[in-house]
Trainee: 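For reference, the structure I am asking about is given below.
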Amino acid sequence: MARPKIALIGGGQIGGVLAQLAALRELGDVVLFDIVEGMPQGKCLDIAEAAPVDGFDVSLKGANDYKDIAGANVVIVTAGLPRKPGMSRDDLIEVNSKIMRSVAEGIRDNAPDAFVIVISNPLDAMVTLCQKVTGFPAERVIGQAGVLDSARFQAFIAWELGVSVKDVNAMTLGGHGDDMVPLVRYASVNGIPVMELLEQKYGSAAKAKEVMEAMVKRTRGAGGEVVALLKTGSAFYSPASSAIAMAESILKDQKRVLPTCALLNGEFGVKGYYVGVPCVLGANGVEKILEFKLDAEEQAMMDKSVAAVKGLVDSLNL
Ligand code: APR
């Protein structure tokens, strides 16, 4: 049986790590596409030459022609500019929407059956544009943001409590912007509420609240924190890992529940917009959106985040 095929559009920082992770995990054969000639070919050759050391049996091909993505089962899009220090993700909309239009046409015309995972920013707007231009069913076009935002939140909690990241469960909802919604109420260490553990640690509910608020703030600004340190470019290891988890869940029909930027049809009070929510990802893409009750404070935060997404998406006049 043929191996699955994974096409990566954009061979920059994230694209390169995606190619390496897909190979290391033997998710399938990899095509790395970029408009820059030679660069994706060079990266693929470099990764392929590590195969005897790492022991993976997949093929890797660099490409500058969309024909090479034909037959892809999953396409992950990172084409577009990353932000510079001081920029918000939204500042990228003009330049990246032009790029996204051409990328989506390339996918539509060459890999019409693919599942598409968008990483390019501003994420919620770019995934909306990608779905509109490809015309693919919404369950096949999704965005990666929530897995990473949640991972950042989980990492901060684990570091604060001195426990393994493996035992922390926490999730963010909403758009991939400064108004994202880290869900404090459901954050737990193997089911034990994080707020309870913070209260034990600090001996006061007020201090626990203060510490959690700081973690929520850091989560919202975590992408910017990396940008400020890197000075050129934005985070690339963690976005790649996050998108690979989504691709793997689809390719292996794992049905993992992953926060995903998905098109909503009334869930959480949102209709017709892409927003981050927990989804079951399996062989059919978004197989289910898991809706649950938000309390008044959470719903208000969600509404604010969705309003920001709407403002940006509406500016595209799709
Ligand atoms: N088609 C294909 N690739 C393109 C196009 C295009 N029209 N235009 C630009 N690219 C490529 C660039 O040549 C570059 O190699 O996209 C790649 C982007 O790589 P980086 O600049 O290294 O950016 P990266 O860090 O990978 O981030 C990509 O993901 O998280 C978001 O905000 C981030 O929008 C950015 C995207």
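Counting convention: from 1, in listed order, for ligands and their atoms alike.
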Trainee: May I ask you to check whether Arg83 has an N/O atom sitting below 3.5 Å from an N/O atom of ligand 1?
Mentor: no

Trainee: For ligand 1, which part of Ile14 has a heavy atom less than 4.0 Å away: the side chain, the backbone, both, or neither?
Mentor: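 Under 4.0 Å from ligand 1, Ile14 contributes backbone and side-chain atoms.
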
Trainee: Considering only heavy atoms, which of Ser234, Gly106, Gly80, Ala79 lies nearest to atom 18 (C) of ligand 1?
Mentor: Gly80

Trainee: If hydrogens are left out, which of Ala240, Gly10, Gly12 has an atom nearest to atom 19 (O) of ligand 1, that is, the closest non-hydrogen atom?
Mentor: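 Checking each option, the heavy atom nearest atom 19 (O) of ligand 1 is found in Gly12.
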
Trainee: Is Lys5 salt-bridged to Asp29, going by a charged N under 4.0 Å from an acidic O?
Mentor: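 Looking at Asp29 together with Lys5, the answer is no, because their closest N to O distance does not fall below 4.0 Å.
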
Trainee: Suppose we screen for side-chain hydrogen bond (donor to acceptor under 3.5 Å, both in side chains). Which residues come up paired with Asn169, at least two apart in sequence or across chains?
Mentor: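 Applying side-chain hydrogen bond (donor to acceptor under 3.5 Å, both in side chains) to Asn169 gives none.
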
Trainee: Consider only side-chain N and O atoms of Asn265 and Lys271, and report whether a donor and an acceptor are under 3.5 Å apart.
Mentor: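 Present: a donor and an acceptor within the cut-off.
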
Trainee: Quick test of your reading of the structure: of Val17, Asn121, Ile35, whose heavy atom lies closest to atom 30 (O) of ligand 1?
Mentor: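 Looking at heavy atoms only, Asn121 sits closest to atom 30 (O) of ligand 1.
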
Trainee: Is the backbone N or O of Thr172 less than 3.5 Å from a side-chain atom of Ser150, with the two atoms forming a donor-acceptor pair by type?
Mentor: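 Side chain of Ser150 to backbone of Thr172: a pair is present.
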
Trainee: May I ask you to identify, for Leu81, whether its side chain, its backbone, both or neither come under 4.0 Å of ligand 1 on a heavy-atom basis?
Mentor: backbone

Trainee: Hey, what else clusters with Leu290 if you join Ile, Leu, Val, Met, Phe, Trp, Tyr whenever side-chain heavy atoms sit under 4.5 Å?
Mentor: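 Leu290 clusters with Val257, Val280.
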
Trainee: Record the part of Ser102 in heavy-atom contact with ligand 1 below 4.0 Å; permitted values are side chain, backbone, both and neither.
Mentor: side chain

Trainee: Does the side chain of Leu294 reach to within under 4.5 Å of the side chain of Phe292, using non-hydrogen atoms?
Mentor: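 They are in side-chain contact.
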
Trainee: For ligand 1, is any non-hydrogen atom under 4.0 Å from Arg89's backbone (N, CA, C, O), its side chain (CB onward), both, or neither?
Mentor: neither

Trainee: When the ring centroid of Phe136 is compared with that of Phe115, is the distance short of 6.0 Å?
Mentor: no

Trainee: Say whether Lys98 and ligand 1 are in contact under the criterion: heavy-atom distance to a ligand atom below 4.0 Å.
Mentor: no

Trainee: Compute the minimum heavy-atom distance from Pro239 to ligand 1 and say whether it is under 4.0 Å.
Mentor: no

